[in-house]
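Input: a single structure, listed below in structure tokens.
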Amino acid sequence: MPTYLLTWNPIKWHWEDLQDCIKAVKEEGHYSTAWSCGGTKKIKTGDRFFLIRLGEEPRGIFASGWVESEFYEDDHWNPESEKPALYIDIRIDVLLDAEHEPIFSRTQLKSMFPNMHWDAQSSGTTIRPEVSVKLESEWARFLATTGIVQPSTPDKGVLLEGLVNAQKYDEDAVSEPAVKADVKRNPPWQRDELILALDLYFRYPPNTISKTHSEVVKLSEVLNSLPIHINRLDKDKFRNPNGVYMKLCNFLRFDPAYQGIGLVSGGKLEEDIWREFSSNKAELRKLANVITNYVSTTNIEDDNILPEEENFPEGKVLYRLHRTRERNRELVKKAKDKRKKEAGVLKCDVCQFNFFEIYGDIGADYIECHHTKPVSELEDNAKTQLKDIALVCANCHRMLHRKRPWLSIEQLKSLLKSR
């Protein structure tokens, strides 16, 4: 497994919310954030990392986890630098408090692995396979002997097959360790979930409530009802009230009205959602209401998830509502019959593509229906009317949904003409 060394030097960068992150890992079993990867562009999703503290004592490895994204550019972590920096999203599964707990010291590392450079000035150094395999076993041994984390608990770290015993570690078992990653990691937050979280943020700012607030508990229940995640490996901790509250605190770092710093860690999608809706809270409220109402009145199984949901601007849940309306058989038939009666043929309202002309009998009477009214503008239990349906080819249908807000039929027509 590709393994990398990430670095943190408290002399160069002060980790403002470190204690909150430590608490989150202890309570949730993990914490997701972004981290600089230096100039390294080869790190991939699913790779392993160890985080080493440098600069001042105590120095050594104090955290580990997994990479959750490819590299991307963003503003440099050093405000004095005018150049962007490279980052990766990471999921921390162990995070020790170096000021109050023992860490895997630099002295121990240099003694065990003398040929590995442990004083890297930037993140992203590759840990060679022969080193990483033994480092995994020594890291597990260290955690077990200090009593800080039990590696045998899946959501607290890496399970090392052949190393973990019910009561103790056998010295002979670590000579040729068989490393097996078996970490319980719940899926990252999606658009639907962040829309609901940001809506709650504006109604009940996290600095005025706590994780036990009734609305936080209620949102936790709604998030657990969303039919958008197939794999919930740690169901007990999936979107629990503490995790919901921590997510609300992530938004504090974007809020100019907040005088503090908030939780500076978090994913890029949070920033995208903030930029999109922080100045349009009315639209945010409508979307949140539609998502919540749809979940409370509709029974959809997880295995109905479709690939195109990933690209739908309003999120997976509203995609399903939109798709359900567009695939109403009675409505589709009425729309096609009306068009054939008026025009005698079914053509795309945007590009005039005719499936019958191109494909013959197999394309006869085939066309897709597009609901021109966004689901966020539909009132509860509102019936779709024929005037809200456009007939389009598959390509134009996808293009109509590519931008946020959606393109209108006329806008896409103009785009085609300009080409």
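In what follows, every heavy atom counts, from backbone to side chain, and hydrogens, waters and symmetry copies are set aside.
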**OP:** Taking the side chain as every heavy atom from C-beta outward, state whether Pro10 and Glu56 have any atom pair closer than 4.5 Å.
**Re:** yes

**OP:** Kindly indicate whether the side chain of Val216, heavy atoms from C-beta on, has any atom under 4.5 Å from the side chain of Leu219.
**Re:** no

Original post:
Going by the angle between their ring planes, with limits at 30° and 60°, are Phe353 and Phe355 parallel, tilted or perpendicular?
Top reply: perpendicular

Subject >> Sidechain N-carboxylate O distance under 4.0 Å for Arg275, Glu271 >> reply: yes

Original post:
Got more than 12 heavy atoms from elsewhere within 6.0 Å of CG, Asn395?
Top reply: no

**OP:** Could you check if a side-chain atom of Leu135 sits within less than 4.5 angstrom of a side-chain atom of Leu109, using non-hydrogen atoms only?
**Re:** yes

Original post:
Would you call Asp365-Lys340 a salt bridge at under 4.0 Å N-O?
Top reply: yes

**OP:** Walk me through it: do Ser32 and Glu68 pass the test side chain to side chain donor-acceptor pair (under 3.5 Å)?
**Re:** CA-CA 9 Å; Ser32 294; Glu68 291 193 311; 3.1 Å; yes

**OP:** Take Lys134 and Ser137 through the test side-chain contact (heavy atoms from CB on, under 4.5 Å) and record every step on the way to the result.
**Re:** CA-CA 5 Å; Lys134 187 175 181 182; Ser137 66; 4.1 Å; yes

Subject >> Under-4.0 Å salt bridge between Asp337 and Lys341 >> reply: no

Subject >> Nearest-0.5 Å distance, CD of residue Glu368 to SG of residue Cys393 >> reply: 8.0 Å

Original post:
Can you tell me if Arg53 uses its side chain to pair, donor with acceptor, with the backbone of Pro58 under 3.5 Å?
Top reply: yes

Original post:
Is the shortest side-chain N to carboxylate O distance from Arg106 to Asp119 below 4.0 Å?
Top reply: yes

Original post:
Can you tell me how far the OG1 atom of Thr40 sits from the CG atom of Leu86, to the nearest 0.5 Å?
Top reply: 8.5 Å

Original post:
Counting distance only, does the side-chain N/O of Ser123 pair as donor-acceptor with the main-chain N or O of Ser36 below 3.5 Å?
Top reply: yes

**OP:** Check step by step if side-chain contact (heavy atoms from CB on, under 4.5 Å) holds for Leu223 and Val244.
**Re:** CA-CA 9 Å; Leu223 293 174; Val244 171; 3.7 Å; yes

Original post:
To the nearest 0.5 Å, how far apart are CG in Leu196 and CG in Leu226?
Top reply: 6.0 Å

Original post:
Hey, what do you get for NZ (Lys347) to CZ (Phe356), rounding to the nearest 0.5 Å?
Top reply: 12.5 Å

Original post:
Quick one: which of Asn250, Leu248, Ile273 gives a side-chain contact (heavy atoms from CB on, under 4.5 Å) with Leu198?
Top reply: Ile273

**OP:** Go through the side-chain N and O atoms of Ser64 and Asp93 and say whether any donor and acceptor fall under 3.5 Å apart.
**Re:** yes

**OP:** For the residue pair Phe50 and Trp139, categorise the inter-ring angle as parallel (less than 30°), tilted (30 to 60°) or perpendicular (more than 60°).
**Re:** perpendicular

**OP:** Using the side-chain contact (heavy atoms from CB on, under 4.5 Å) rule, take Tyr4 and Cys37 through it: C-alpha gap first, then chi angles, then the decisive distance, then the call.
**Re:** CA-CA 9 Å; Tyr4 296 89; Cys37 57; over 6 Å; no

Original post:
Do the ring centers of Phe104 and Phe142 come within less than 6.0 Å of each other?
Top reply: yes

**OP:** Verify the neighbour count for atom CD1 of Ile11: are there more than 12 heavy atoms of other residues, nucleotides or ligands below 6.0 Å?
**Re:** yes

**OP:** Using only heavy-atom distances, determine whether the side chains of Asp20 and Tyr31 contain a donor-acceptor pair under 3.5 Å.
**Re:** no

Subject >> Gln411 side chain vs Ser408 backbone, donor-acceptor pair below 3.5 Å >> reply: yes

Original post:
Do the non-hydrogen side-chain atoms of Phe62 and Glu101 ever get within less than 4.5 Å of each other?
Top reply: no

Original post:
When the ring centroid of Trp274 is compared with that of Tyr201, is the distance short of 6.0 Å?
Top reply: yes

Original post:
Considering only heavy atoms from C-beta outward, does the side chain of Leu194 approach that of Glu270 to under 4.5 Å?
Top reply: yes

**OP:** For Asp47 and Ile43, indicate whether the former's side chain and the latter's backbone hold a donor-acceptor pair under 3.5 Å.
**Re:** no

Subject >> Closest heavy-atom pair and its distance - Pro206, Tyr245 >> reply: O-OH, 2.8 Å

Original post:
Do Ser220 side-chain atoms and Arg239 backbone N/O form a donor-acceptor pair below 3.5 Å?
Top reply: yes

Original post:
Would one find more than 12 heavy atoms of other residues, nucleotides or ligands at under 6.0 Å from atom NZ of Lys336?
Top reply: yes

Original post:
Between Lys218 and Glu221, is a salt bridge (charged side-chain N to carboxylate O under 4.0 Å, His left out) present by the stated rule, with each step listed?
Top reply: CA-CA 5 Å; Lys218 180 180 177 181; Glu221 294 171 351; over 6 Å; no

Original post:
Taking everything shown except Lys281 itself, do over 12 heavy atoms lie less than 6.0 Å from its NZ?
Top reply: yes

**OP:** Answer yes or no: does atom NE2 of His117 have more than 12 heavy-atom neighbours from other residues, nucleotides or ligands under 6.0 Å?
**Re:** yes

Original post:
Does Trp8 reach the main-chain N or O of Trp13 with its side chain, forming a donor-acceptor pair under 3.5 Å?
Top reply: yes

Subject >> Worked check of side-chain contact (heavy atoms from CB on, under 4.5 Å) between Lys23 and Lys26 >> reply: CA-CA 5 Å; Lys23 181 180 179 182; Lys26 288 182 177 179; 5.8 Å; no

Original post:
Charged N to carboxylate O below 4.0 Å: is that the case for Arg191 and Glu276?
Top reply: yes

Original post:
Can you name the closest pair of heavy atoms from Cys351 and Leu416 and give their distance?
Top reply: CB-CD1, 3.8 Å

Original post:
Can you list the steps and then say if Asp89 with Lys268 is a salt bridge (charged side-chain N to carboxylate O under 4.0 Å, His left out)?
Top reply: CA-CA 8 Å; Asp89 291 334; Lys268 187 176 183 300; over 6 Å; no

Original post:
To the nearest 0.5 Å, what is the distance between NZ (Lys413) and CG (Leu407)?
Top reply: 13.5 Å

Original post:
Can you check whether Trp66 and Trp35 have ring centres sitting under 6.0 Å from each other?
Top reply: no

Subject >> Whether Glu28 side chain and Ala24 backbone form a donor-acceptor pair below 3.5 Å >> reply: no

**OP:** Step by step, work out the side chain to side chain donor-acceptor pair (under 3.5 Å) result for Lys387 and Thr372.
**Re:** CA-CA 9 Å; Lys387 65 182 180 64; Thr372 60; over 6 Å; no

Original post:
So, do Val67 and Lys44 sit near enough that their side-chain heavy atoms are less than 4.5 Å apart?
Top reply: no

Original post:
Out of curiosity, Ile291 CD1 to Asp192 CG, how far, rounded to the nearest 0.5 Å?
Top reply: 5.0 Å

**OP:** Using atom types as modelled and distance alone, determine if a side-chain donor or acceptor of Asp74 lies under 3.5 Å from a backbone N or O of Pro84.
**Re:** no

Original post:
Between Lys41 and Glu70, is the closest basic N to carboxylate O distance under 4.0 Å?
Top reply: no

Original post:
Do the side chain of Arg339 and the main chain of Leu391 share a donor and acceptor less than 3.5 angstrom apart?
Top reply: no

**OP:** Could you check if a side-chain atom of Trp15 sits within less than 4.5 angstrom of a side-chain atom of Cys21, using non-hydrogen atoms only?
**Re:** yes

**OP:** Give a yes or no on whether the backbone of Gln190 and the side-chain of Glu193 come within a donor-acceptor separation of less than 3.5 Å.
**Re:** yes

